[in-house]
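Below: one structure, written as structure tokens.
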There are 2 protein chains.
Amino acid sequence: MVTRKEVAELAGVSEATVSRVFNGLGPMKPSTKERVLEAAKQLNYHPNAIAQSFARRRSGNLGVVLPYMPKVHLFSAYYFSEILSGIGEQVREQGYDMLLSLLKPDESLDYSALYRSQKVDACVILGARDTPEQRQSLMKLQAEGHPFCLVNQRFEGLSFREVDADHIVGSYQAVRHLQEEGYQKIAFLNGSLGYSNSLDRLEGYHKAMKEAGLDVKPELLLEGNYSRKSGYEAAERIWEQREHVEAVFAANDRMAIGLMQGLRERGWIAGRDFAVIGCDDSDAAKLSDPPLSSINVPFYEMGKEAARGVLAGVLQGEAANHTKVKLPTQVVVRQSSKRNPSK
Amino acid sequence: MVTRKEVAELAGVSEATVSRVFNGLGPMKPSTKERVLEAAKQLNYHPNAIAQSFARRRSGNLGVVLPYMPKVHLFSAYYFSEILSGIGEQVREQGYDMLLSLLKPDESLDYSALYRSQKVDACVILGARDTPEQRQSLMKLQAEGHPFCLVNQRFEGLSFREVDADHIVGSYQAVRHLQEEGYQKIAFLNGSLGYSNSLDRLEGYHKAMKEAGLDVKPELLLEGNYSRKSGYEAAERIWEQREHVEAVFAANDRMAIGLMQGLRERGWIAGRDFAVIGCDDSDAAKLSDPPLSSINVPFYEMGKEAARGVLAGVLQGEAANHTKVKLPTQVVVRQSSKRNPSK
DNA sequence: TTGTAAGCGTTATCAG
DNA sequence: CTGATAACGCTTACAA
């Protein structure tokens, strides 16, 4: 590998000058600069990133933390690829790289370990959940002064840097949409309350129902675990009280689709016999039959914003910053939530 | 940050000894080792990975290259997450990290750039396509002696390290399955021939048809681009010659699902009026209606094997290695390919 | 079995 | 504007 030294020799300058040229530092004679650049080109010199990291005492890496859950697929892979793309785009703009870290499920969740070896300067944490363990881990991170940004998860009572979609408004929109289509008996199939999203969605649901002067009967509140299967199983419970349900808002698309499948087996077709709207606007929403109405969540932008914020923090050497960003959602209407024909 | 020096002082040994302890090198008195470990623990010392990389002249990073195609979703996100998980598992075992690199579509595809800064020791390249540009780029990589492994893509006439699924056998199995279910008029909806997979699948299709003594009429060969939309559009062409088609093998699940949607609009239901089998056994196959039969491709294992092989190469400092690995596929039967009732 | 010391390729500070 | 030079934290001969 060709080093700075060789470039300096060829250009007839000191090594320091070569560095200055490559880092755009200090005033310098254009002719010198040119000579250096010329020599570098001729030798095909490229600075060694590892040596730079070493000298700068910054890795130039943004850690991206994903809970690794084989087969469980908490994320629609849609989420996954959009958010990574967003982070990737931003990181590139800032001259950083992404170091992917897949957490093993059994692993005692010690986020600090990621920073210990100093291979990342900051992290974006995806798919966190509100458990005592994780709270502890995150508080430790913060106490140690390690910059990080949570995506899609708040921790009630704790304040971290975070980027989220506005799930309260999103749910509100979803339920309003169903109401506007003429439905009143609206059930809510939520996901685990370990995710702050779920709480937010519940709040949005309540708000919309209340504003419309509609009762929220406890029987209308179901809980799944964000899997298709749990949606499928919820179909049975919905079916039992079919007199009292005209429409369902599901907290993600996978459950919505499972629900449609379950009800279809009983002869109820979404968009004909009842309405469904999901959440995430994932690929599957377009693939399902009938196509699923959903709440679009700007995952790409969320990833990008998370990376932008936390890297800006690093580069400014800020002590601690608890910036919170909430991005807007949008209703996407497809066939599954068509107007109630009986109204 | 606490450094080796401090540990050495506290333990009353030289810095070299501390390194030896942490690298498990050379014979050493157990008592010394213990003292060092004790000191390290007390100070909460952890070796600085960047400094290690610097001194070892190895980054400890495996680059993972993904063509970034917003919205196009070449990959089922299923593919994406499985394969990354496989790579992730393997790098962890070898003490490596994954550096994710999302290639922009417009970007002149220069793989060498990834190695130039020496931030990766090797790469796993996903989603490559057979274009003159990419051929050139890969040949350059090889000429420069940079280790890499292609996943899911061969280049006819060129020999690289590669891991693939056995798509020839996979397709053969798919078509055989349809035949065993009693179908004879079997169309093939392939993807772009820029992917070697597509060629392989075509070969498997031909083989199965030929062995069964069935003609392959050109009209039975359709080409999409692996998107749901292209499957949907293919439905029209299938419909036009519905007299001559009883079953369809689609080169991925997305197209298969699009096809089912398109034909459903014309009153043809998969698993009743015709049969479909897809390929990938992605999430969507389970979510579709009816559930889609498919060819399971061991993405996780492919990722793992690719990482294993290429890292083994790096660690042994091998000059060049063109190992080829082919992993087996499996038919997964669901409703969409049910037996032809008229037989 | 352990210590000494020469790198590794930069950045960054301080003179000049 | 440019050149010396001291870090940076570790690995790895080589010596003892």
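The shown structure was predicted, so the numbers you read here are calculated from the model rather than taken from an experiment. Here is how names work: the chains are called A, B, and so on, in the same order as the sequence lines, proteins then strands, and each is numbered from 1.
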### Task
Tell me whether F54(B) is stacked on the nucleobase of dC8(D), counting only the six-membered base ring and applying the 5.5 Å and 30° thresholds.
no
### Task
On DNA chain C, check which nucleotide each of A16(A) and T3(A) is closest to and give me the residue with the more 5' one.
T3(A)
### Query
Just how far, in rounded Å, is P of dA12(C) from CG of N23(A)?
7 Å
### For atom CE of M28(A) and atom P of dG3(D), their distance in whole Å
10 Å
### Task
Could you state the atom-to-atom distance from CD of E6(B) to C1' of dG9(D) in whole Å?
11 Å
### Query
Is there a donor and acceptor pair closer than 3.5 Å between the side chain of R57(B) and the base of dG7(C)?
no
### Query
What is the distance, rounded to the nearest whole Å, between atom CD of E15(A) and atom P of dT10(C)?
8 Å
### Query
In terms of side-chain geometry, is the basic nitrogen of E156(A) or R154(A) positioned less than 4.0 Å from the acidic oxygen of its partner?
yes
### Task
Could you tell me the separation between the CG atom of N48(B) and the C1' atom of dC8(C), rounded to a whole number of Å?
14 Å
### Query
For the pair made of CE in M1(A) and P in dT10(C), what is the distance, rounded to whole Å?
11 Å
### Message
As a test of reading the structure: which of dG9(C), dG3(D), dT1(C) is closest to the side chain of A55(A), going by heavy atoms?
### Response
dG9(C)
### N-O pairing of E38(A) and K41(A) below 4.0 Å
no
### Query
Looking across every strand, which nucleic acid part, if any, lies under 4.0 Å from S19(B) by heavy atom: base, sugar-phosphate, or nothing?
base
### Task
Report the distance from atom CD of Q52(B) to atom P of dG9(D), rounded to the nearest whole Å.
13 Å
### Query
Going by atom types alone, do Y96(A) and D121(A) pair a side-chain donor with an acceptor below 3.5 Å?
yes
## Note on the structure
To the nearest angstrom, the CZ-P distance between R20(B) and dC10(D) comes to 15 Å
### Task
Looking at every strand, decide which applies to T17(B) at a 4.0 Å heavy-atom threshold: base, sugar-phosphate, or nothing.
sugar-phosphate
### Message
Considering every strand and a 4.0 Å limit on heavy-atom distances, what is the contact class for Y45(B): base, sugar-phosphate, or nothing?
### Response
sugar-phosphate
### Task
Describe the nucleic acid contact of S53(A) in one word from base, sugar-phosphate, nothing, applying a heavy-atom distance below 4.0 Å.
nothing
#### Entry: Exam field: side chain Y115(B) to backbone P147(B), donor-acceptor pair closer than 3.5 Å
yes
#### Entry: Given DNA chain C, 5'-ward residue of the pair A51(B) and P30(B), judged by closest heavy atom
P30(B)
### Pairing of E93(B) and K304(B) as salt bridge, 4.0 angstrom limit
yes
